[in-house]
Enquirer: 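Structure in structure tokens, see below.
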Amino acid sequence: MSRTYDFTVFGATGFTGEKIAKLLSEKITSRYNGAFKIAISGRNYGKLEKVKATMDDTVSVDILVADVQDENSISEMTRQSSMIINCVGPYRGTR
């Protein structure tokens, strides 16, 4: 099955997710000449637009709105993505 996106950073508006999204776009540009398609995902479209604006603009980056409380949005995100990088917190209490 062909997927639209090679990588999706889920939770891209959080501290860790934003860092990973930026780094991923920079590495894809410098090492792979933009050969991969990226999506950033989270609950808030406006916040995702701000993250996208800080990413390397030579890489194709799309926005997917998804919320862990909405099973349909998660299913839609996973259907479109070959790899999900999950950065959704909170992380406290995890071991």
Enquirer: In Å, rounded to the nearest 0.5 Å, how long is the span from CD of Q80 to OG of S75?
Expert: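 It comes to 11.0 Å.
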
Enquirer: Set out, in order, the CA-CA distance, both residues' side-chain angles and the distance that settles side-chain contact (heavy atoms from CB on, under 4.5 Å) for S25 and I38, then state yes or no.
Expert: CA-CA 8 Å; S25 70; I38 302 172; 4.3 Å; yes

Enquirer: Taking the side chain as every heavy atom from C-beta outward, state whether I40 and F10 have any atom pair closer than 4.5 Å.
Expert: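 Side-chain contact under 4.5 Å: no.
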
Enquirer: Between S81 and R3, what is the shortest heavy-atom contact and its length?
Expert: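 Nearest heavy atoms, S81 then R3: O-NH1, 3.5 Å.
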
Enquirer: Report yes or no: do L48 and I20 belong to one cluster of Ile/Leu/Val/Met/Phe/Trp/Tyr joined by side chain heavy-atom distances under 4.5 Å?
Expert: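 Yes; I20 is reachable from L48 via cluster members.
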
Enquirer: Determine, stepwise, if the pair T54 / E18 fulfils side-chain contact (heavy atoms from CB on, under 4.5 Å).
Expert: CA-CA 9 Å; T54 67; E18 186 173 349; 4.0 Å; yes

Enquirer: Thinking salt bridges, do K52 and E49 make one under a 4.0 Å N-O criterion?
Expert: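 So K52 does not pair with E49 through a salt bridge.
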
Enquirer: Of all the heavy-atom pairs spanning D67 and S73, show the shortest one and how long it is.
Expert: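 Residues D67 and S73, closest heavy atoms: N-OG, 3.0 Å.
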
Enquirer: Indicate the atoms forming the closest heavy-atom contact of A21 with V9, along with that distance.
Expert: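 Heavy atoms of A21 and V9 come nearest at CA-CG2, 4.1 Å.
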
Enquirer: For D6 and A35, work out which heavy atoms get closest and say how close.
Expert: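 The pair with the smallest heavy-atom distance is OD2-O, 4.3 Å.
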
Enquirer: Working note: K22 + E26, criterion salt bridge (Lys or Arg N to Asp or Glu O under 4.0 Å); need CA distance, chi angles, decisive distance, verdict.
Expert: CA-CA 6 Å; K22 287 180 187 177; E26 291 166 5; over 6 Å; no

Enquirer: Check the hydrophobic clustering (I, L, V, M, F, W, Y; side-chain heavy atoms under 4.5 Å; chains of links allowed) and say if V88 and I85 are grouped together.
Expert: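 Shared cluster, no.
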
Enquirer: Do M55 and V59 belong together in a cluster built from hydrophobic side chains that touch within less than 4.5 Å?
Expert: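 Same cluster: M55 reaches V59 through Ile, Leu, Val, Met, Phe, Trp or Tyr contacts under 4.5 Å.
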
Enquirer: Nearest 0.5 angstrom please: S82 OG to F7 CZ, how far?
Expert: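 These two atoms lie 8.5 Å from each other.
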
Enquirer: Treating Ile, Leu, Val, Met, Phe, Trp and Tyr as nodes and any side-chain heavy-atom pair under 4.5 angstrom as an edge, say whether V65 and V68 lie in one connected cluster.
Expert: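 No.
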
Enquirer: When you compare the side chain of L64 with that of T8, does any pair of heavy atoms fall below 4.5 Å?
Expert: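 With C-beta onward as the side chain, the pair touches.
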
Enquirer: Please assess R43 against T13 for the test side-chain contact (heavy atoms from CB on, under 4.5 Å), listing each intermediate value before the final yes or no.
Expert: CA-CA 9 Å; R43 295 177 295 188; T13 60; over 6 Å; no

Enquirer: Examine M77 and V61 and state if one hydrophobic cluster contains both, with Ile, Leu, Val, Met, Phe, Trp and Tyr joined whenever side-chain heavy atoms are less than 4.5 Å apart.
Expert: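 No: no chain of side-chain contacts under 4.5 Å links M77 to V61.
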
Enquirer: Which heavy atom of D56 sits nearest a heavy atom of T58, and at what distance?
Expert: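 Where D56 meets T58 most closely, the heavy atoms are OD1-OG1, 2.5 Å.
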
